[in-house]
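Okay, so here's the structure we're looking at.
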Amino acid sequence: MNSWLLPCLLSTLASSALAQKTTNVAWDAFVREHGTEWAVEWSPATGTPTAIYGQGLSLPGRTANLADARRRSEQTLERYAALLGRGASKFVEITGEPAMRLYVFVYKQEFKGLQVIDGRADVRVHANGGISMFGAEAIPVPADFNVVPTLTLAKAHKAAGRHLSLANLHAPNEPKAADRLVVWSDVGQRVPVAPRLAWDIDVGVPSVNKVGRAYIDAHTGALLEYRNEILNCCKRLREAVLTPTTQPEAAESGEFYVKVIPDPSAPTNGATVDGTISAWSINDLDPYAGLTLMPMPHFKIGTTFTDASGKFSLPGNSVTVTLRFVGKHIGKVTASSGVTFSKTLTLSGSNNKIVIYTQAAPEYDRSQSTAFLYVTRCNLFMRNYMTSKSGLDKLNTFTADVNVGGSCNAFYQNNNARFYRKSGTCPNMAYSSIVQHEWGHGLDDSYGGLQYGECQEGMADACAIMQNDDPVVGLKFFSPTRNLRTALNTRTYPAGGGVHQQGETWMGWMWDCRVNFVATHGKAKAVTLMRTLFSNVFITSPGTQPTAVREVFILDDDDNILNNGTPNYNDLEQACLKRKLPYPKKKLCPHDASFSTYGTGCQTAPQACTVAYSQNLTQTLANTTTTANKVAIMEVNRPRVNICQVDLYTRARSGSVTVNVTIADYDTKGLPNKVLASGSVTVGSTAAVYSAKMTKPVVIDENNIHFIVFDNADKLVLPETSSGNKSFYYLFQNNKWSNIGYGRTFKYRVHGDLGTQIPALSNTGRPIVGGLPFSVDLSHAPQKRLAVLFVGGSKTNWNTLNLPLDLTPFGAPGCSLLAGGDAMLGTVTNAQGNGSRQFPIPLSMSLCTLKVYFQYLVIDQKANTLGLALSNAGEALLGSK
Ligand SMILES: [Zn+2]
């Protein structure tokens with residue numbers, strides 16, 4: 001395999017593309033090193049490339065493990081630090097996790113130990129060792145940036161209170177996070193940012209919709225920005241908080257929290273206490289569905305947890321345990337209204353059936369069991385699909401607060417979700433898809449920290465939709481006849497409106513992808529594919545929907561090259577087109593690849609009669625005989641051959657005998673029929689090779705059925721060995737052919753004479769840029785001869801020679817040189833006179849317009865005084881598909 005020509009032509013073309021001026025010196029250097037086939041997303045805020053992908057960076061060897069991936073990632077950041085605008089800052093890893101075929105690295109930006117708000121770098125290392133994507137939205141912090149605040153923290157607190165009109169920055173009992181000094185910037189404005197030294201101050205007053213962080217200029221005391229840090233499922237916080245609440249639907253039961261049903265038939269073994277825990281819960285997407293007694297998976301009991309089906313076993317004869325809605329995958333469930341479930345029991349023996357609540361459990365109870373069930377399910381579900389588990393381990397302490405005063409909403413903040421009680425026409429919010437949505441915010445938060453916007457809402461909705469494989473989020477949310485949102489919406493990006501409306505394009509896109517996957521792969525595989533891609537995308541912590549779309553394509557990719565598409569590219573692309581979401585474009589030539597032949601070749605010399613194939617031709621005879629006069633050996637699977645001679649290894653039983661050998665075709669019954677060629681040989685009584693030359697050779701095409709027939713068989717020791725390849729055959733006796741036989745191991749040899757031929761050039765495959773190698777083939781050439789393939793960039797000239805060039809004056813009448821010989825590649829023809837050269841074509845769009853010309857020159861001393869026979873020529877137009 002030779003590939004030096006095409007890259008050689010490529011480099012010439014690529015260097016002309018380099019003449020295009022870019023303003024970024026580092027980018028110029030990158031392009032000089034890696035070519036122009038890249039997609040770059042430049043940040044309007046920082047002027048740095050947030051994502052560089054397309055051709056992929058190749059690095060030696062496959063990625064061995066996470067540590068090796070980290071080394072590749074850090075090397076990439078270091079090597080391209082100037083391009084990424086790192087300056088005097090540092091990139092500090094916040095995510096380093098496997099995701100499908102990738103390792104995802106996300107870094108925050110730090111300057112002199114202070115976090116640079118919104119500064120980030122990303123590297124995606126592919127399992128194949130290469131880099132699929134890298135980039136940074138790095139805030140340009142000057143090396144001499146002053147990190148000494150003029151304002152004290154206490155003064156900054158006062159300034160924050162003044163700007164936000166808050167007497168106290170925290171309501172009583174509101175959790176308080178640490179304040180800190182940071183380098184503030186805001187890339188969300190999409191205009192060039194100037195970094196400012198700022199106090200980052202935690203604010204928590206939900207009653208006036210102020211839960212988040214205030215950035216106070218550490219020199220002037222100005223409010224640089226206030227960022228909301230609470231995410232709701234459904235509508236703006238203020239609306240929700242101000243909605244008047246109504247009374248709960250029913251008084252609390254208080255009495256039947258738990259009943260234990262001992263199994264009298266079960267023997268106690270004295271060593272353990274075991275049984276099951278179940279709770280009456282809403283196991284349905286419908287919040288109005290009746291309660292189901294559900295086994296409580298991974299529910300904490302004493303020193304252990306139940307298993308996936310609610311079973312437990314504890315050591316001892318008798319144990320006293322306190323049951324709460326606490327589990328392996330949920331920190332706790334608390335009730336703001338009603339009574340937080342807690343029950344202490346003393347248990348003994350086997351098969352204790354612990355039942356929490358009753359089928360008539362009122363709202364404030366059933367919301368607790370339902371929240372436990374769905375939070376646990378979310379975590380277990382994601383463990384099935386996500387490659388990384390570290391974020392899911394963090395979510396094992398996720399807490400749910402149910403029956404909160406308010407209506408028609410739920411909130412996520414800091415690994416906790418709050419669900420409003422039933423109010424107005426809305427049901428209690430602690431049900432299926434609303435729990436899944438809020439938990440989805442937690443999943444987002446546990447990988448790379450939470451960002452706030454439409455992408456986060458869309459991804460939280462996706463968390464619910466993918467689990468339920470149902471497009472509705474918030475079934476019967478507003479009333480028994482009105483749902484909250486559906487992926488079967490018609491919104492396109494950007495949808496405008498509030499964050500939830502904007503997020504509808506993401507949930508819609510995911511569902512459209514699912515629909516396309518189903519058409520391609522069938523439902524089972526499609527649902528798995530959707531869940532795998534759209535769960536692992538959480539690990540990449542995307543800030544916008546187009547970024548998240550790009551991450552899905554990168555996750556889907558089987559190599560680190562996006563330019564050549566991904567396994568599910570078409571399905572993803574169709575969904576993007578429908579939703580008007582930008583996506584990584586596959587790079588394609590404007591035309592398809594083609595190959596055509598032109599011109600005519602010139603003749604070889606007649607070729608000698610030489611062995612084409614032989615069958616069992618050993619020098620021993622099995623000494624078998626027959627009473628049949630003729631034997632016809634059937635040939636079914638031979639190369640094309642111009643039969644000029646047949647050799648039999650045999651002897652006469654006595655004296656000598658003339659044997660006629662013929663080549664015959666077959667009739668409609670498959671019997672030997674018309675004689676196509678014939679010859680004869682006198683066979684003596686000594687065993688030897690006896691050759692029958694055909695008086696006129698006959699061409700039998702490849703795989704064409706025919707017979708080798710010899711007569712006077714009854715006077716011969718048959719040309720047969722005791723073992724070897726077996727043949728089908730007929731015997732001619734009593735003036736007719738026998739039924740077909742199989743199994744005799746005849747020994748013979750067939751010669752072919754290729755005669756005078758014109759070498760023929762053809763192609764296998766097409767010259768597809770980045771595609772499978774294609775080959776330029778030679779046939780109808782002399783056997784086992786050197787042939788040289790001329791490869792040129794032109795069919796009209798080769799250096800100073802004009803083409804086609806008539807070779808008559810050079811001693812090759814009728815021969816013309818049809819292609820330039822910028823490269824000359826040798827091949828040796830096989831026993832059938834065939835040869836081939838293969839060409840891989842790198843994936844580079846600059847090759848799209850390339851035309852390459854080919855012609856075989858076959859060394860044949862007897863053909864003419866020049867000693868060459870030439871093939872026709874081929875013209876390859878490189879392209880896509
Ligand atoms: Zn939300």
Side-chain angles (χ1 to χ4, degrees), residues 248-264 266 268 272-283 290-377 379-380 396-404 416-419 421-422 428 430-431 435:
E249 64 172 22
E252 298 316 299
S253 64
E255 289 168 26
F256 295 101
Y257 283 128
V258 169
K259 67 182 169 194
V260 177
I261 309 169
D263 180 351
T268 56
T272 59
V273 175
D274 61 41
T276 58
I277 303 178
S278 309
W280 289 94
S281 326
I282 307 172
N283 178 39
L291 302 194
T292 309
L293 185 60
M294 297 300 297
M296 290 284 104
H298 308 291
F299 189 102
K300 191 168 195 310
I301 175 164
T303 54
T304 189
F305 295 97
T306 60
D307 67 9
S309 50
K311 290 189 184 131
F312 69 90
S313 176
L314 288 163
N317 292 321
S318 169
V319 292
T320 298
V321 293
T322 300
L323 302 181
R324 295 188 178 88
F325 283 113
V326 173
K328 195 186 276 182
H329 302 297
I330 177 168
K332 64 180 176 185
V333 178
T334 54
S336 285
S337 311
V339 180
T340 298
F341 171 78
S342 173
K343 183 78 175 174
T344 301
L345 296 171
T346 297
L347 301 167
S348 60
S350 293
N351 287 359
N352 291 282
K353 287 190 173 57
I354 299 174
V355 177
I356 301 174
Y357 301 143
T358 67
Q359 191 162 11
E363 179 199 349
Y364 289 172
D365 290 348
R366 67 188 185 229
S367 58
Q368 297 179 55
S369 52
T370 304
F372 176 91
L373 188 63
Y374 277 91
V375 167
T376 299
R377 279 181 180 174
N379 201 303
L380 293 174
N396 287 342
T397 57
F398 185 95
T399 54
D401 192 10
V402 300
N403 313 331
V404 174
N416 165 262
R418 286 181 255 183
F419 301 93
R421 63 197 186 198
K422 179 177 174 171
N428 188 296
Y431 74 99
V435 176

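- Shortest non-hydrogen contact noted between Ala371 and Val402 is CB-CG1, 3.9 Å.
- Atoms CZ and CG, on Arg418 and Asn403 in that order, are 14.0 Å from each other to the nearest 0.5 Å.
- The minimum heavy-atom distance between Asp307 and Ser309, with the atom names listed, is OD1-N, 2.9 Å.
- Met294 pairs in a side chain to side chain contact (heavy atoms under 4.5 Å, CB included) with only one of the listed residues (Thr370, Asn283, Ile277, Ile356), which is Asn283.
- The two atoms that bring Val375 and His329 nearest to each other are CG1-O, 3.8 Å, heavy atoms only.
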| said: One pair to check against side chain to side chain contact (heavy atoms under 4.5 Å, CB included): Phe398 and Asn416. What are the steps and the verdict? | reply: CA-CA 6 Å; Phe398 185 95; Asn416 165 262; over 6 Å; no
Identify all side-chain donor-acceptor contacts of residues 297-306 below 3.5 Å with residues at least two apart in sequence or on another chain.
{"from": "Lys300", "atom 1": "NZ", "to": "Gly302", "atom 2": "O", "distance (Å)": "3.0"}
{"from": "Thr306", "atom 1": "OG1", "to": "Met296", "atom 2": "O", "distance (Å)": "2.7"}
{"from": "Thr306", "atom 1": "OG1", "to": "His298", "atom 2": "N", "distance (Å)": "2.9"}
{"from": "Thr306", "atom 1": "OG1", "to": "Phe299", "atom 2": "N", "distance (Å)": "2.8"}

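- No donor-acceptor pair closer than 3.5 Å links the side chain of Thr320 to the backbone N or O of Thr346.
- With no hydrogens or angles considered, no side-chain donor-acceptor pair links Asn352 and Asp274 at under 3.5 Å.
- For the pair Ser278 and Leu293, the tightest heavy-atom approach, listed with the atom from each and the gap, is CB-CD1, 3.5 Å.
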| request: Evaluate the side chain to side chain contact (heavy atoms under 4.5 Å, CB included) criterion for residues Leu323 and Leu345: first the C-alpha distance (whole Å), next the side-chain angles of each, then the deciding distance (0.1 Å), finally the verdict. | output: CA-CA 8 Å; Leu323 302 181; Leu345 296 171; 3.8 Å; yes
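- With 3.5 Å as the limit, one finds a donor-acceptor pair spanning the side chains of Thr322 and Thr344.
- Ring geometry, Phe325 versus Phe341: the interplanar angle falls from 30° to 60°, so the pair is classed tilted.
- Shown here are the side chain to side chain donor-acceptor pair (under 3.5 Å) partners of Asp401, two or more places apart in sequence or in another chain: Thr334, Ser336.
- Listed by chain and number, the residues in a side chain to side chain donor-acceptor pair (under 3.5 Å) with Thr292 amount to none (sequence neighbours excluded).
- A donor-acceptor contact shorter than 3.5 Å links the side chain of Ser369 to the backbone of Trp280.
- Considering only heavy atoms from C-beta on, Phe312 comes within 4.5 Å of Ile354 through its side chain.
- Atom NZ of Lys422 is separated from atom OG of Ser337 by 14.0 Å, given to the nearest 0.5 angstrom.
- The shortest non-hydrogen separation linking Arg366 to Ala361 is NH1-O, 3.4 Å.
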| request: Decide side chain to side chain contact (heavy atoms under 4.5 Å, CB included) for Asn317 and Val273; before the verdict, give the C-alpha distance in whole Å, the side-chain angles of both, and the deciding distance to 0.1 Å. | output: CA-CA 6 Å; Asn317 292 321; Val273 175; 6.0 Å; no
